[in-house]
Amino acid sequence: MIEMKDVLKKYSNGTTAIRNISITIDQGEFVYVVGPSGAGKSTFIKLMYREERATKGILTVAGYNLVKIKNRDIPYLRREIGVVFQDYKLLSKKTVYENVAYAMQVTGKKQREIKKRVMEVLDLVGLKHKVRVFPSELSGGEQQRVSIARAIVNKPKVLIADEPTGNLDPENSWEIMRLLDRINSQGTTVVMATHNSTIVNTIRHRVIAIENGRIIRDQAEGEYGYDD
Ligand SMILES: Nc1ncnc2c1ncn2[C@@H]1O[C@H](COP(=O)(O)OP(=O)(O)OP(=O)(O)O)[C@@H](O)[C@H]1O
Ligand SMILES: [Mg+2]
């Protein structure tokens with residue numbers, strides 16, 4: 001599903017953020033990416049959806065070679081990958097419905113199909129009653145649930161989340177985790193960067209620890225916990 005071999009990322013200012021990382025993540029896995037600030041977690045994640053291009057190495061995601069991928073093929077790659085951010089990144093002038101539908105409209109689906117699927121995912125995240133509301137009228141937890149609905153509306157193979165609970169209180173964080181677990185149990189691979197050691201130690205999954213651009217630990221689900 002996701003394969004990295006000797007991947008190196010050097011930013012144009014000379015900073016090396018990822019140093020020769022090799023890793024395989026299988027279809028259906030749930031993986032936490034942990035590590036201190038500046039370790040390279042976000043860079044690791046950005047490489048996976050081709051927000052950043054690897055400087056060296058081999059990187060394949062959902063069958064796409066991300067080192068060689070052409071710009072015109074990136075929209076197709078992005079349909080296989082849903083992305084969730086700490087700050088939600090919803091479109092403020094669009095309603096909840098429009099925010100989610102927009103991700104599907106760009107794939108050229110028919111209006112009727114879009115409506116059915118959008119209502120389905122908004123139901124899954126418990127926000128069917130908020131379709132006509134604007135993001136500014138929602139709580140943080142609700143906004144994050146809309147962004148998750150948007151990320152999964154095209155039924156991606158992978159869901160990537162960079163600190164999805166970073167701006168949320170514990171209760172809303174657990175709600176988001178329950179949702180991500182549910183999406184994962186339906187077969188979607190989930191890769192989630194987080195600082196939240198309580199979550200990592202409570203809801204057990206594989207843990208990849210990055211420090212200074214290198215993987216320093218890769219623990220299978222069921223091995224002992226992660227301490228921050
Ligand atoms: N666009 C960029 N240009 C140059 N250097 C960058 C860029 N983005 C990140 N870096 C650097 O790359 C390194 C890794 O950053 P990254 O954002 O991946 O860390 P992180 O683990 O996500 O940190 P945090 O926990 O604070 O989010 C840091 O040294 C950072 O300063
Ligand atoms: Mg980060």
- Item | Ile208 side, atom CD1; Met192 side, atom CE - distance, nearest 0.5 Å | 13.5 Å

- Item | Name of the residue among Ile74, Val61, Val67, Asp73 meeting side chain to side chain contact (heavy atoms under 4.5 Å, CB included) with Arg50 | Ile74

- Note on the structure: Exactly one candidate in Leu77, Leu59, Ile81 meets side chain to side chain contact (heavy atoms under 4.5 Å, CB included) with Tyr64; the answer is Leu77

- Show the numbers, then the answer: is there a side chain to side chain donor-acceptor pair (under 3.5 Å) between Thr15 and Asn13? CA-CA 6 Å; Thr15 306; Asn13 71 354; 2.9 Å; yes

- Message: Enumerate the salt bridge (charged side-chain N to carboxylate O under 4.0 Å, His left out) contacts for residues 92-111, please, sequence neighbours excluded, ordered by first and then second residue.
- Response: none

Please tell me if the side chains of [X] and [Y] come closer than 4.5 Å, counting only heavy atoms from C-beta onward.
X: Asn20; Y: Val7; result: no
X: Met48; Y: Val158; result: no
X: Asn201; Y: Thr198; result: no
X: Ile210; Y: Val33; result: yes
X: Val146; Y: Pro135; result: no

- Message: Closer than 4.0 angstrom, basic N to acidic O: yes or no for Arg178 and Glu175?
- Response: yes

- Item | salt_bridge(Lys157, Glu80) N-O dist < 4.0 Å | yes

If we ignore angles and hydrogens, is there a donor and acceptor under 3.5 Å between the side chains of [X] and [Y]?
X: Asn65; Y: Thr60; answer: no
X: Thr55; Y: Tyr11; answer: no
X: Asn184; Y: Asp181; answer: no

Cluster question for you: counting only ILVMFWY and a side-chain heavy-atom cut-off of under 4.5 Å, with indirect links fine, are [X] and [Y] together?
X: Val83; Y: Leu159; result: no
X: Val131; Y: Val153; result: yes
X: Leu138; Y: Val121; result: yes

- State whether Phe44 and Lys41 meet the cation-pi test: NZ (Lys) or CZ (Arg) under 6.0 Å from the six-membered ring centroid, and within 45° of the perpendicular axis. no

- Item | Contacts of Phe30 that satisfy ring pair (Phe, Tyr, Trp, His ring centres under 6.0 Å) - sequence neighbours left out | Tyr32, His205

Count the heavy atoms belonging to other residues, nucleotides or ligands that lie under 6.0 Å from [atom1] of [X], then report whether that count exceeds 12.
X: Arg182; atom1: CZ; value: no
X: Tyr76; atom1: OH; value: no
X: Phe134; atom1: CZ; value: yes

